[in-house]
Amino acid sequence: MKKSLVLIVFSLLLMCCNAQNTAVDSVDKSEILETNARPKLVVGIVVDQMRYDYLTRFDAKFGDGGFKRMMSEGFNCKNNHFNYIPTYTGPGHASVYTGTTPKYHGIIGNNWYDKDTKEMVYCAGDDSVASIGTEDKAGKMSPRRMQTTTFGDENRLFTQMQGKTIGISLKDRGAILPAGHAANAAYWFHGRDEGSWISSSFYMTDLPQWVKDFNTSEAAESYLKEWNTVYDIMTYTESGPDENTFEGGFRGKEKATFPYDLKALSADNRGFDILKATPYGNSLTADFAMAAIKAENLGQDAITDVLTVSFSSTDYVGHNFGVNSKEIEDTYIRLDKDLERFFKYLDTTVGKGEYTVFLTADHGAVDVPNYLTSVKIPAGYLDNRARKEKFNLFLKATYGTEEIVENISNDQIFLNREKVKALGLNLIDVQNEIALEQLSYESVSKVYTATTMSTTSFSTGIEALLQNGFSQKRSGDIILVNDSAFISYGKTGSTHGSGLNYDTHVPLLFFGKGIKHGETYDKTVIPDIAPTISALLGISFPNGATGSVLGFVID
Ligand code: ZN
Ligand code: ZN
Ligand code: ZN
């Protein structure tokens with residue numbers, strides 16, 4: 001009785017399958033293409049060091065086709081934050097695309113102290129691969145240190161490796177980490193005397209012809225020209241005076257004021273590298289991204305491709321001139337124009353409504369502390385040398401040796417565990433004693449130990465951000481938090497890395513296929529982006545994703 005029921009069900013199933021097969025056979029391929037619910041291309045854009053308030057501060061200067069098009073056609077998440085510390089470029093790019101935090105993807109900094117090899121390592125560095133497109137070691141890079149997948153990786157798996165993933169950025173880590181492990185390619189810019197886009201043997205044995213053609217087209221040379229403001233500088237009322245004491249500027253030019261003759265200045269500023277710290281670095285990135293779309297036929301069929309583009313110049317300009325500079329304002333006005341050009345290109349090559357774009361940042365940045373103190377806001381600079389001297393005296397007096405500490409980097413103290421053992425000390429006691437000592441230092445506001453991070457679950461506050469950024473295997477023994485707006489940096493320009501709002505609050509815009517029009521002040525976090533894109537594509541989430549699907553942005 002049972003057996004025959006199973007048989008009947010089975011034959012019914014077979015009939016259904018057959019019917020479905022004939023139905024599929026009878027429609028032609030173009031119809032499938034038209035009814036495909038997925039975008040043909042997903043473009044992920046990261047603007048390096050973009051604070052949320054740039055969207056609102058420079059609003060009056062933006063055109064209708066760039067940032068404003070994303071807002072008027074798409075969805076604006078106005079209260080979007082990083083939910084971990086440290087807010088650096090490597091962790092930022094990894095978190096956007098893996099949908100999780102350093103605790104899981106393992107990119108705990110741009111550089112960090114490797115406890116096994118006992119040396120500093122670079123997040124994208126890989127000595128086992130070779131440079132492609134240059135003799136320089138700048139191409140010896142891969143995503144090997146990132147421990148989880150990106151949504152681009154998952155799309156590769158989902159499409160049986162037919163959907164392409166390509167990563168592009170002036171910075172190697174801005175191209176490599178977003179694209180992921182199974183990417184077809186990642187390209188980044190090598191300046192100096194070469195000015196060309198390069199890659200690594202992790203992806204390929206030789207640059208494709210279109211990249212070689214782009215490199216010989218003198219595209220980079222064409223941007224070694226004058227940099228002046230797009231509009232009359234007198235109309236740039238949203239930023240501070242052009243001449244002030246808070247800016248770095250270029251070598252070979254006394255004042256950090258417009259105009260800048262980039263061709264003349266390039267000799268003293270590492271050749272083509274000068275382009276990185278000007279808005280033209282972003283224009284060159286957009287040019288290269290469009291060349292990639294064309295040559296690689298991205299978004300030309302129903303199988304979704306993924307293109308990741310990171311605009312790095314905004315970060316270099318912010319570090320050099322500070323977040324309140326005329327130079328930053330002009331850089332964002334010009335980026336807005338590059339975005340407009342890029343979206344128009346996507347309209348004509350992929351088709352309006354056939355692609356999906358999101359735009360966010362890898363971190364924000366602090367106002368120049370000297371500027372903040374000039375308007376009476378608490379801020380300042382850390383005196384690392386004095387701190388280290390005081391600390392060494394403590395170590396000598398308490399343990400008889402300074403060698404008990406192996407490394408101090410990224411506001412973390414790494415203990416020499418062998419030494420702790422050899423001295424017959426208890427690791428947890430040493431962590432606690434050092435934490436207490438550090439807390440007595442000027443401008444240190446909070447201190448936690450690795451043991452606390454591993455044994456307590458924090459759901460709110462700075463502790464939760466530290467925990468999301470903490471890797472048991474890779475992070476240090478003692479973790480320091482500095483006072484608000486206190487930085488380890490030169491006296492000019494801005495930087496980032498903290499868990500404070502100026503570093504965590506960044507734009508999150510979605511637009512294009514499958515995206516609703518709207519906006520929200522509900523809090524969203526960076527790891528929500530990759531699950532949301534994965535849901536839109538109907539693919540598996542990145543394997544370590546911890547973020548949530550932002551269902552309200554999906555149409
Ligand atoms: Zn960055
Ligand atoms: Zn200036
Ligand atoms: Zn930076």
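Whatever order the structure lists them in is the order used to number ligands and atoms, beginning at 1.
- Of the angles at the Zn ion (ligand 2), the one spanning OE2 of Glu247 and OE2 of Glu327 is 90° when given to 10°.
- Here the side chain of Asn269 pairs a donor or acceptor atom with the backbone of Arg251 at under 3.5 angstrom.
- Salt bridge status for Asp528 with Lys523: absent, with no side-chain N to carboxylate O gap under 4.0 Å.
- Neighbouring protein atoms of the Zn ion (ligand 3) (N, O or S, distance under 2.8 Å, waters ignored): Asp315 OD1, Asp315 OD2, His319 NE2, His496 NE2.
- In terms of the ring-ring contact (aromatic ring centres under 6.0 Å, His included) criterion, residue partners of Tyr223 (sequence neighbours excluded) are, by chain and number, Tyr280.
- In the model, Tyr84 has a side-chain atom that pairs as donor or acceptor with a side-chain atom of Ser95 under 3.5 Å.
- Restricting Asp362 to its N, O or S atoms, the one at the least distance from the Zn ion (ligand 1) is OD2.
- The Zn ion (ligand 2) has Asp242 among its coordinating residues (N/O/S atom, backbone or side chain, under 2.8 Å).
- Look at Gly249 and the Zn ion (ligand 2): no N/O/S atom of the residue is under 2.8 Å from the metal.
- Neither side chain, Ser142 nor Ser200, offers a donor N or O lying under 3.5 Å from an acceptor on the other.
- Between Gln49 and His496, the closest side-chain pair of non-hydrogen atoms falls below 4.5 Å.
- Within 6.0 Å of atom OH in Tyr260, more than 12 heavy atoms from other residues, nucleotides or ligands are found, so the atom counts as buried in its surroundings.
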> How far apart are the C-alpha atoms of Asp48 and His93, what are their side-chain angles, what is the distance that settles it, and do they pass the side chain to side chain contact (heavy atoms under 4.5 Å, CB included) test?
Replying inline: CA-CA 9 Å; Asp48 207 311; His93 284 81; 3.9 Å; yes

